[in-house]
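Beneath this line is the structure, given in structure tokens, with notes to follow.
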Amino acid sequence: MEPLKGLLSTLWKALTDQPDPKAPFLESIPEDYRSLASAVLSVAPILMVFPLLFALTTVLERKGLGRIQNRLGPNRVGPAGFLQFAADGLKTLTKEDVVPRAADRVVHFLAPIALVIPVLLTFAVLPFGRNLAPIDLDAGLLFFFAVSSATELAVFMAGWASRNKYSLLGALRAVAQMVSYEIPLVLAALSVVMITGTLSLSAIAAAQSPTPGSFLAPWYVFTPWGLMGFLLFMIAACAEANRSPFDLPEGESEIIAGYYLEYSGFKFALFFLGEYLGLFASSGLAITLFLGGWNAPFAFMQGWLPSWVWFFAKLATLIAVFIWIRGTLPRVRMDQLMGLAWKFMIPMTLLTLVAAGLWHRLPSAPLRWVACTALLAGAFLVLGRVLMPRTRHGRRVYRYAD
Amino acid sequence: MEGGFIAMPTDVILWILGGLILISAVMSLALRNLIHCALFLMVCFLGLAGLYLHLNAVFSGLVQALVYVGAVGIILIFAILLTEGGGTETGSHLGSQWRTGIGLAVLLAFALLGAVSNSPQTTQAARHTEEPTVREIGLKLMTDYLLPLQTIGLLLTAAAIGAVVLAMQEPKPRKDETP
Amino acid sequence: MTFYLALSVLLFCVGLAGVLARRHAIMALIGIELMLNAANINFIAFWRHSSAADDLSGMFWMIFSVAIAAAEAAVGLALVILVFRHRRSVRLDELESLKG
Amino acid sequence: MTGVLDILWLIPALPLLVSAILSLTPARVKGGAAPLSIGALGLGFLIACAALAEAVSDPGQVRAHNFTWFEFGSSAVKIGWVLDPLSALMLVMVTFVAGWIFVFSIGYMSHDENFTRFYCFLSLFTSAMLGVVMSNSLLMLFACWEVMGLASYLLIGFWHHRPSAAAAARKAFIYTRIGDIGFLLGMLWLYAETGTLLLYDNGAGCLEANALTQLAGAAISTGMAASTGIALLLFCGAIGKSGQIPLHVWLPDAMEGPTPVSALIHAATMVAAGVFLMARIHPLSTATASAKPIVTATAPANATAQSAQPAVRMEAAPKSQAHAEAAAKPTEAGGDSTSSPTLTLNVMAWVGALTALLASLVAVAQYDIKRILAYSTVSQLGFMFLGLATGGPAVGVFHLLTHAFFKALLFLGAGSVIHGCHEEQDIRRMGGLWRRMPATFGTYAVGMMALSGVPLLFSGFWSKDEILHSALAWSGSKWPFALGLVAAVATAFYMTRQMAYVFFGPHRGHPAMYEQGHRIPVTQPHESPMVMTLPLGVLAACAILLTVVGTPMWPWLHSVLSGHAPEVRREVSVGVLFAMLISILAAGTGFTAGWICYMRRRASGFNDGDPLQTRIPSIWRCLESRGWIDELYKMSFGIWTAAAGRFCDWLDRIVLGGGVRMIQNAALATAWMGRLWDEFFLNGGFARGCEQTRNSADRASLVQNGQIQRYLRILAGALALVALWIIWK
Amino acid sequence: MVPRVILGGGIVKGMIETARNFVGSYTDASRLTTVEYPEQRIPLHANARQFPFLVFDGTDPMAGLRCVACQICEKECPPQCIYIIKDSVKKPDYLGKMQMQPKVFDIDLSVCMSCQICVEVCPFDAIKMDTEFELSNDDRFAGLLVNKHQLAKPNSHFARIHPAEAAEVDGRLAAEKAKAEAKARADAEAKAKAAATSPPPAGNPSSSPPPKS
């Protein structure tokens with residue numbers, strides 16, 4: 001019974017932002033299992049919360065898209081359709097797991113696992129609440145990117161192992177896309193690192209907590225370079241997670257279903273789990289870096305709700321935005337995708353870095369606001385001009401057959 | 001990943017990591033199918049990353065993971081695919097005088113192991129200093145090691161551009177090869 | 001400490017054996033990568049067991065060697081692809097024409 | 001106004017800058033050339049006026065501004081410029097005349113495609129001339145002197161597509177170069193003696209007292225004073241540049257260049273540079289052991305080498321008595337000093353007189369309008385040297401100034417005539433132009449009267465009268481005076497001849513170019529446009545107004561040049577009146593003779609001979625062919641050098657060439673022997689040796705047969721051996 | 001709104017549009033056009049059509065069948081999905097006239113493309129378009145081959161699904177029927193009159209001609 005009571009008090013301490021929430025539970029655990037218990041204690045909530053969130057998101061997504069398209073969305077299973085994920089889950093579990101004969105059995109089997117593991121690892125570093133960061137690594141951000149870069153390998157394994165031209169094509173497209181969007185992703189995050197000076201995510205989140213006196217919380221998104229960095233980070237995250245405008249690899253119309261073509265049943269669900277968890281991880285990172293992690297938007301609201309509530313509220317809004325984007329934007333062509341990454345995103349992120357430097361160096365507030373905004377707006381327009389389709393409505397020229 | 005992550009004695013972890021690294025290294029060189037070799041190489045690199053983390057060199061472990069597993073792995077696989085290595089190799093995948101090669105390698109192994117076993121260095125106990133923070137690394141990198149950093153930067157850009165230029169050239173249709 | 005040295009030696013020799021034995025150019029590159037990593041192990045091991053507290057040279061050696069290895073891998077693979085395009089094969093024992 | 005000295009360097013610098021700019025502008029860009037150069041000169045003229053005002057305000061004082069050009073070792077070469085009445089006057093004159101000549105050449109050269117290049121050379125020339133005029137160091141003077149020579153070469157040979165112009169340019173350049181050798185030697189000698197080439201340098205300059213006494217004192221083996229020797233050598237340079245007797249032949253041929261060039265270079269400025277040079281170094285030529293130091297100057301020590309020399313303020317001690325006394329009372333007997341004139345002045349006088357006479361005589365027999373003026377210039381220069389030698393610098397410079405104006409006027413008038421008659425230069429083709437070109441005729445008449453010395457109204461009369469008077473009163477010998485008188489008569493004569501031929505009588509233009517297949521009818525000679533006649537008018541006005549400066553009653557110029565305030569003098573000595581009477585007589589005889597010969601019996605056709613020719617055919621032929629001096633030179637020097645050239649060629653090709661060939665053959669022989677030895681004796685043995693090495697090499701080449709893995713194996717083997725060796729050592 | 005010239009301009013306009021839809025779907029009920037299908041149904045439009053069916057009058061399907069097996073529809077059907085075999089036995093139609101009738105009348109619904117050409121060409125308004133679409137079954141081939149009995153449906157059904165068209169058809173048929181009867185009556189009267197006047201002498205043909213029918 002002792003451990004149960006410890007667990008409850010730990011839960012309470014965690015939910016109410018108290019320092020070192022694990023202490024009560026760990027005391028109740030015999031000495032030599034303590035480190036194992038603490039590990040389990042920090043992993044368990046992640047494994048419970050985020051797959052659940054994944055489930056909810058699938059439903060929310062379908063309902064949201066429905067609503068956007070003037071229809072109801074699933075409302076059969078459960079109250080207003082919210083048990084739909086259970087139905088889907090059950091379906092994937094019961095579905096026959098077909099493995100193509102020509103497939104490379106081992107790699108085919110490993111691929112979904114190799115995809116999900118790194119994504120789950122990325123959650124280890126995200127600070128969900130004031131002291132709810134599972135592992136507070138000094139090089140947290142580096143860990144995040146190191147691990148998330150492994151997903152490309154898994155995607156390739158999936159695509160290649162199923163021995164199918166379309167899936168290989170989808171996999172290579174996905175890898176190319178993820179590789180070329182990783183650079184802007186890292187660079188966008190870099191500007192925040194430059195300002196805060198540390199790589200550890202909890203320090204970054206702490207740096208954005210509002211001082212009691214001020215009105216607006218000092219989130220980085222409220223600075224010009226922060227806003228631009230946030231936008232670029234979101235676009236890159238969108239591409240990294242192969243979602244909405246950038247879901248070329250699974251372009252149903254062109255190559256049927258991309259790299260998870262030859263998967264069915266639970267492995268297929270794992271891919272989706274991986275994709276959505278990747279989405280949550282990168283939006284979690286975006287929140288930590290730009291939207292002030294677990295801080296309240298305004299100083300006076302800081303005390304109202306526990307910190308993790310803010311984190312998940314922001315996560316919810318970001319997910320809503322992703323769904324919203326998915327409902328609106330058509331798929332991007334491959335060369336436009338690459339063009340956007342190399343011609344627009346990377347220059348813009350470098351410029352955001354410059355703007356951040358400028359922001360850091362310029363003393364007076366109005367001056368640095370004007371300078372940074374001017375720099376970024378100018379760059380955005382110029383680089384934008386490069387990408388905008390040049391519609392020259394010249395005078396109509398009539399040519400008659402002579 | 002702090003030292004002694006799980007209550008198990010540390011050298012058990014060492015042996016596991018060591019074994020993992022060596023086995024995957026051997027497998028990555030022995031298998032016929034190139035892609036498998038590449039994947040095993042990735043496993044070996046991850047093992048190494050784990051080893052560095054175990055040695056409290058967190059930054060280098062993560063760099064190893066990021067650079068090797070993230071970047072080099074992908075290039076390797078792309079290269080394999082581009083050189084039609086996808087399928088399993090026909091015929092013997094071992095070079096002509098592979099026996100002398102492996103013999104020499106074994107000879108070298110014994111020589112170096114001999115050297116390692118009786119060198120005075122090894123008797124010193126492992127010292128557990130706290131791992132350097134990223135800020136320290138950054139500062140030292142920017143101050144004491146600025147020149148190597150810049151040269152490495154230059155080298156990397158040169159390599160990147162060089163690789164692109166090399167790989168971009170269209171193959172000239174050779175005389176004996178029907179276009 | 002001996003564990004690390006032994007591990008790096010073995011890894012080095014495995015890499016060497018791979019390079020010497022295998023016919024495929026890319027396998028040679030993989031062998032080279034292994035040898036480089038063997039060296040890295042020593043760097044970190046000696047850095048960890050070195051006396052000086054704040055001397056991070058071992059770690060920097062490792063980081064720079066990783067960077068160089070990555071650059072080398074990129075260029076090496078580009079060359080292999082180029083060779084493949086020219087010679088239609090990447091067997092090392094077939095690539096022996098010393099002509100231009 | 002003390003600042004004028006500092007900005008004096010702008011006067012030559014501006015035209016130089018303009019010439020640089022124009023040299024860069026493409027030929028087709030015509031717009032900028034003229035205004036730029038005229039603007040530069042106009043600005044120069046203003047500064048020159050300011051400088052003149054300052055110089056005149058305190059004539060005695062010599063203001064020099066020296067600075068170090070470059071150092072070599074301990075000593076430094078210092079150059080700089082000087083502002084004294086002489087240089088100020090010359091600056092004003094050059095900028096003024098050149099300015100109007102530029103205006104004139106806008107019209108004259110308007111349809112020439114190398115318009116910009118023309119102005120570029122003109123500006124270059126003017127800046128060089130201004131450089132000469134104001135330079136305070138002989139070295140700088142010599143440099144500008146050479147640039148002037150170059151510019152004259154370029155301008156004479158401006159229409160280089162015409163072979164005659166190119167030849168004339170080369171000829172001019174070579175003859176002036178011969179003169180310049182003398183100049184250079186003089187400078188070197190001067191530098192050797194005094195150690196500085198600066199003229200005025202707070203007492204250390206070579207024209208200052210202690211340098212002069214030192215020079216006068218130093219005598220060379222033949223007993224001649226160093227100063228005289230140097231002066232003579234410098235005079236050689238002057239002879240070459242101003243076209244005096246031995247080296248005068250290039251000047252008439254220099255008429256090949258465009259007329260404004262002749263006007264500017266061969267009338268007003270360049271040729272005058274020789275006279276100016278002798279005027280500038282006059283103290284040197286008159287320095288005798290006994291003479292007291294001419295100019296003493298006290299000035300603060302030189303400033304440091306780098307920084308420009310502070311303007312040198314010299315309170316001029318009263319000029320040496322002799323000099324002042326001569327200037328003050330030009331009329332007094334004895335132009336320079338009571339004692340007999342030094343050798344330099346003698347030579348100068350005789351050369352001047354002879355040139356004047358010979359040139360004026362030759363001018364009588366010329367048919368080309370510009371050649372007549374050229375010879376007249378030579379003779380007038382002779383007069384100037386005569387005046388310089390006998391009456392001191394003031395007399396010479398006064399005639400130089402007046403001559404500059406009316407000779408430029410005459411040349412421009414000639415140019416306007418040529419332009420009017422469509423490039424016709426032979427006076428036998430002209431005639432009757434006074435009705436068709438009234439403006440040109442009027443101004444040309446003024447210039448003619450000034451040149452030939454029509455009394456009272458015209459400045460030419462006064463300046464020539466000065467010279468004749470000083471020649472008469474010269475203590476040296478009376479003969480130069482006689483020669484000068486005859487020359488004056490001849491001058492009047494040939495000018496009237498020219499007027500008669502050009503402006504009076506029937507128009508002897510080409511009868512009808514029309515029939516000879518030229519579709520365009522030959523329009524009658526027409527008056528030149530405003531841009532050409534305006535300068536003529538201005539110069540004509542000046543030719544008249546200049547009298548104000550130099551009449552005996554108010555010798556403003558003489559007193560300014562001799563360094564003390566001008567004052568009006570009522571009484572005029574008997575000698576002066578006598579000299580005036582003589583010169584009026586001379587001019588009169590010249591006119592009447594010219595009138596008789598040419599005015600009454602108008603030459604109607606082109607080919608009916610010159611009246612004079614009929615009377616004195618042999619002398620006429622001699623004069624017309626310019627006294628065969630060209631042929632003389634050709635015969636003497638020409639042949640010499642040709643012969644010397646041939647001899648050297650023979651020497652080089654036969655004697656030396658032969659020797660080289662012999663050595664060559666010897667080398668070949670030895671090579672052959674070496675080959676034979678090597679072929680048979682060495683190779684045999686050696687070849688076998690090579691075989692062995694090649695075989696062993698084959699085996700060794702296995703190491704490099706392209707098998708990468710073989711290389712790696714060898715590498716690994718070596719590594720293993722080394723490791724083993726290290727461990728088990 | 002946001003000028004399209006800036007890079008994100010188009011995206012923002014699009015997002016606002018979808019947001020308006022999203023919000024609208026909650027506030028403005030008319031937007032949600034879909035209904036819970038099996039439970040609620042959207043009333044079909046008048047001219048809705050799925051697959052043809054045969055109309056029969058009266059109560060007995062086979063007897064009242066209007067189709068006279070003239071096979072025009074079979075010939076005209078573009079995908080040739082109608083298959084008719086004439087029946088040797090005739091039966092009276094609505095006018096009592098003896099007409100043929102189809103022994104076999106099959107339509108392969110999986111082939112039929114519901115182009116309604118058969119309805120247009122049928123002179124006897126025997127075939128109309130039904131609105132029944134829930135025809136899914138597990139036999140891909142035979143399941144959708146419907147025969148005469150399955151096709152036959154009463155005129156009342158036709159009236160229910162296409163009221164206007166049914167009314168028009170019925171009106172036309174009734175009119176024809178009335179005309180036919182009137183003619184029949186007229187013939188009958190003429191015969192009766194002829195019978196009555198035949199006893200008097202056959203001779204006065206000049207009496208007034210028989211009344212015009």
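None of these values were measured; they are calculated from a predicted model. Letters go in sequence order (proteins before strands), and every chain restarts at 1.
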Q. Do you know which two heavy atoms are closest between C:G15 and B:L29, and how far apart they sit?
A. CA-CD1, 3.8 Å

Q: Enter the distance from B:L31:CG to B:L41:CG here, rounded to the nearest 0.5 Å.
A: 11.5 Å

Q) Which of the residues C:I68, C:V14, C:I30 is involved in the greatest number of heavy-atom pairs with chain B at under 4.5 angstrom? A) C:I30

Q) Heavy-atom distance under 4.5 Å to chain B: side chain of C:A70, backbone, both or neither? A) both

Anything under 3.5 Å between a donor and an acceptor, one on a side chain of residues 65-77 of chain B, the other on a protein residue two or more places apart or in another chain? List them.
none

Q. In terms of heavy-atom pairs under 4.5 Å with chain C, which of B:V164, B:T100, B:L149, B:I137 leads?
A. B:I137

Q: Using a cut-off of under 4.5 Å on heavy-atom pairs, state which of C:L16, C:I26, C:V19 scores highest against chain B.
A: C:I26

Q.
Check this for me: B:F110, atom CZ, are more than 12 non-hydrogen atoms of other residues, nucleotides or ligands nearer than 6.0 Å?
A. no

Q.
Looking at chain C, which one of B:A163, B:C44, B:A158, B:G103 has the largest number of heavy-atom pairs inside 4.5 Å, strictly under?
A. B:A163

In a table with atom names and distances, give each donor-acceptor pair under 3.5 Å that connects a side chain of residues 31-44 of chain C to protein atoms at least two apart or in another chain.
residue : atom : partner : partner atom : Å
C:N37   : OD1  : B:Q64   : NE2          : 3.4
C:N37   : ND2  : C:E33   : O            : 3.0
C:N40   : OD1  : C:S65   : OG           : 2.4
C:N40   : ND2  : C:S65   : OG           : 3.3
C:N42   : OD1  : C:S8    : OG           : 2.7
C:N42   : ND2  : C:S8    : OG           : 3.3

Q.
Quick check on C:L82 against chain B: is it the side chain, the backbone, both or neither that has a heavy atom closer than 4.5 Å?
A. side chain

Q: Name the region of C:V66, side chain, backbone, both or neither, that has any atom closer than 4.5 Å to a heavy atom of chain B.
A: both

Q | Cationic tip of C:R88 above C:F84 ring, under 6.0 Å, 45° of axis | A | yes

Q. Has the side chain of C:R22 got a donor or acceptor atom that lies under 3.5 Å from a matching backbone atom of C:M27?
A. no

Q.
Report which part of B:I152 has an atom under 4.5 Å of a heavy atom belonging to chain C: side chain, backbone, both, or neither.
A. side chain

Q.
Counting heavy-atom pairs under 4.5 Å with chain C, which one of B:L51, B:V106, B:D144 comes out on top?
A. B:L51

(Q) Given heavy-atom pairs under 4.5 angstrom as the criterion, report whether the side chain, backbone, both or neither of B:A160 touches chain C. (A) neither

Q) Can you say whether C:F60 sits under 4.5 Å from chain B via the side chain, the backbone, both, or neither, judging by heavy atoms? A) side chain

Q: Considering non-hydrogen atoms only, spot the tightest contact between B:P148 and C:F64 and give its length.
A: CB-CE1, 3.6 Å

(Q) Quick check on the interface: out of B:L104, B:L166, B:L113, B:L55, who has the most heavy-atom pairs with chain C under 4.5 Å? (A) B:L55

